[in-house]
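Counting convention: from 1, in listed order, for ligands and their atoms alike.
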Amino acid sequence: MSYQVDEKGYYGRFGGAYIPEILHKCVEDLQKSYLTILESKSFGTEYRDLLRDYAGRPSPLYFAKRLSEKYGCRIYLKREDLNHTGAHKINNTIGQILVAQRMGKTRIIAETGAGQHGVATATVCALMNMPCVVYMGKTDIERQQPNVKKMQMLGAAVVPVLSGNMTLKDATNEAIRDWCCHPSDTFYIIGSTVGPHPYPDMVARLQSVISEEIKQQLTEKEGRDYPDYLMACVGGGSNAAGTIYHYLDDERTKIILAEAGGEGILSGKSAATIQLGKEGIIHGARTLVMQNEDGQIEEPYSISAGLDYPGIGPIHANIAEKKRAEVIAINDDEAIAAVFELTRLEGIIPALESAHILGALPKFGFKRDDVVVLTVSGRGDKDMDTYLKFMNQ
Ligand SMILES: *Cc1c(COP(=O)(O)O)cnc(C)c1O
């Protein structure tokens with residue numbers, strides 16, 4: 001059994017491309033050309049060089065000694081927090097802008113929630129001298145000011161979105177609307193393993209450098225190329241997809257994913273899509289969606305603006321359903337506790353999103369010689385305001 005995408009763009013019953021007629025041609029063009037481009041020599045060389053010299057890869061695989069002692073196993077942290085722009089997002093935006101150039105596109109659009117994907121996109125647009133428009137909900141613009149300023153400084157136009165909750169889902173709707181108006185010259189750089197086929201597969205491939213490096217680094221450190229556990233947080237699922245990509249069909253490795261429980265999955269304030277979602281279509285893909293009885297999308301909630309998405313990448317909906325991955329919801333308070341624990345045990349201040357998978361560590365009884373690789377998807381600089389509120393409690 002393979003957990004990778006099939007020829008039609010599906011992972012089991014999830015995925016596909018459910019798009020308005022006006023986008024058919026440009027999505028079809030991308031479906032037909034993305035693999036040829038990603039596998040071409042010119043793309044490979046330019047992508048690798050930029051990942052190394054611009055983004056700072058390979059990211060270290062760090063043996064976390066004190067964290068390991070605490071949880072009674074061997075924990076390695078995959079340090080995506082050390083990449084340029086502070087998270088794994090840059091792996092994807094570098095790749096997609098190179099694809100856009102090879103398809104002759106001259107204008108870039110993107111959606112953003114917390115602003116991390118917006119900054120990573122604005123960064124590569126500055127690098128490649130391409131005009132960039134980023135759609136961002138007004139609520140997020142207000143709570144993520146430093147990232148808004150960074151995007152503007154990088155030369156991007158940040159367009160406030162006033163519909164719905166004025167957060168990530170609404171920004172994505174607006175980006176798709178823009179794309180429908182400019183399908184011939186515009187490339188939409190999607191920030192996670194979501195959207196119509198081929199985006200989930202393209203983003204997973206671009207992030208798969210994470211597991212490619214883990215294989216090599218683990219061989220050097222442990223003498224074998226697979227861990228007993230792989231752990232990552234999921235918003236839309238891109239850092240998780242990159243972390244597990246080369247291990248999906250290797251059942252020796254257990255996969256643990258953490259989604260945002262918010263104030264608890266039964267509290268009505270949650271973003272735990274895999275636990276709470278039902279099959280539906282969102283932003284061009286069939287997947288699990290948080291929705292009410294009438295099929296209206298329910299507004300997700302998480303303390304972390306990078307995880308409050310009401311859908312989930314189809315790759316993860318499938319591996320959760322087939323029980324290839326164990327998915328647990330980690331609540332706000334558990335994530336916050338994990339932030340302070342990693343900070344004091346290892347001197348690493350993680351992003352709030354990454355803290356959700358750190359918060360899963362106490363929930364498993366590991367054995368002494370279990371090798372655990374946990375991806376720290378980003379750094380905590382952008383979350384300092386939130387952390388300071390909890391510091392004196
Ligand atoms: C955006 C983001 C996430 C969530 O996105 P995925 O596509 O699920 O990886 C997680 N961590 C950080 C640091 C982020 O910036």
*Asks:* Below 3.5 angstrom, do we get any N/O pair linking Leu307 and ligand 1?
*Replies:*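 No - when backbone and side-chain N and O of Leu307 are compared with those of ligand 1, no distance drops under 3.5 Å.
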*Asks:* For atom 15 (O) of ligand 1, which candidate among Lys89, Glu353, Glu80 provides the closest heavy atom?
*Replies:*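 Minimum heavy-atom distance to atom 15 (O) of ligand 1 goes to Lys89.
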*Asks:* Should His88 be listed as contacting ligand 1, given a heavy-atom distance under 4.0 Å as the test?
*Replies:*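 Within the 4.0 Å threshold, so yes.
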*Asks:* Could you go through the ring-ring contact (aromatic ring centres under 6.0 Å, His included) check for Tyr309 and His283 one step at a time?
*Replies:* CA-CA 11 Å; Tyr309 185 65; His283 301 135; 5.8 Å; yes
*Asks:* Check each atom of ligand 1 against the heavy atoms of Gly378 and keep those under 4.0 Å away; list them by number with element.
*Replies:*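 Result: 13 (C).
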*Asks:* Kindly state each residue pair satisfying ring-ring contact (aromatic ring centres under 6.0 Å, His included) with at least one member in residues 234-271, sequence neighbours excluded.
*Replies:*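 Listed once each, the pairs would be none.
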*Asks:* Would you mind checking which non-hydrogen protein atom is closest to atom 6 (P) of ligand 1, with the distance to 0.1 Å?
*Replies:*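 Here the nearest protein heavy atom works out to Ser238 N, 3.3 Å.
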*Asks:* Do Lys89 and Glu80 meet the salt-bridge criterion of a basic N to acidic O distance under 4.0 Å?
*Replies:*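 Salt bridge between Glu80 and Lys89, a charged N being under 4.0 Å from a carboxylate O: no.
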*Asks:* Note the single closest protein heavy atom to atom 4 (C) of ligand 1, along with its residue, its atom name and the distance in Å.
*Replies:*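 Ranking protein heavy atoms by distance from atom 4 (C) of ligand 1, first comes Gly306 O, 3.6 Å.
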*Asks:* Between Asp29 and Lys32, is the salt bridge (charged side-chain N to carboxylate O under 4.0 Å, His left out) condition met? List the steps.
*Replies:* CA-CA 5 Å; Asp29 285 348; Lys32 283 187 181 141; 5.6 Å; no
*Asks:* Any ion pair linking Arg107 and Asp178 (charged N to carboxylate O, less than 4.0 Å)?
*Replies:*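 Looking at Asp178 and Arg107, the cut-off is met.
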*Asks:* Less than 3.5 Å apart, which donor and acceptor atoms pair up between the side chains of residues 60-67 and the rest of the protein, not counting sequence neighbours?
*Replies:*
from, atom 1, to, atom 2, distance (Å)
Tyr62, OH, Glu346, OE1, 2.5
Arg66, NH1, Arg344, O, 3.3
Arg66, NH1, Leu345, O, 3.3

*Asks:* Compute the minimum heavy-atom distance from Ala240 to ligand 1 and say whether it is under 4.0 Å.
*Replies:*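 Ala240 does not count as a contact of ligand 1 under the 4.0 Å cut-off.
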*Asks:* Which atoms of ligand 1 sit under 4.0 Å from any heavy atom of Gly235?
*Replies:*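 Within the 4.0 Å cut-off of Gly235, ligand 1 contributes 8 (O).
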*Asks:* Is any NZ, NE, NH1 or NH2 atom of the basic residue among Asp385 and Lys389 found under 4.0 Å from an Asp or Glu carboxylate oxygen of the other?
*Replies:*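 No, this pair does not count.
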*Asks:* Students often mix this up, so state it plainly: with edges at 30° and 60°, are the rings of Tyr229 and Phe364 parallel, tilted or perpendicular?
*Replies:*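 Tyr229 vs Phe364 ring planes: tilted.
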*Asks:* Suppose I only count heavy atoms of Ala351 and a 4.0 Å limit; which atoms of ligand 1 are within that range?
*Replies:*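 Within the 4.0 Å cut-off of Ala351, ligand 1 contributes 13 (C).
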*Asks:* At under 4.0 Å between heavy atoms, which part of Ser377 makes contact with ligand 1: side chain, backbone, both or neither?
*Replies:*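 It is both backbone and side chain that touch ligand 1.
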*Asks:* Which of the numbered atoms in ligand 1 are below 4.0 angstrom from a heavy atom of Val234?
*Replies:*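 Reading through ligand 1 atom by atom, the close ones are 8 (O).
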*Asks:* Between Asn239 and ligand 1, which residue portion shows a heavy-atom distance shorter than 4.0 Å: side chain, backbone, both, or neither?
*Replies:*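 It is both backbone and side chain that touch ligand 1.
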*Asks:* Could you tell me the residue and atom name of the protein heavy atom closest to atom 7 (O) of ligand 1, and the distance to it rounded to 0.1 Å?
*Replies:*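 Of every protein heavy atom, Ser192 OG, 2.5 Å lies nearest to atom 7 (O) of ligand 1.
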*Asks:* For Gln116, take its heavy atoms, then give the atoms of ligand 1 lying under 4.0 Å from any of them.
*Replies:*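 That gives atoms 15 (O) of ligand 1.
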*Asks:* What orientation do Tyr188 and Tyr199 show, parallel under 30°, tilted 30 to 60°, or perpendicular over 60°?
*Replies:*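 Tyr188 and Tyr199: tilted rings.
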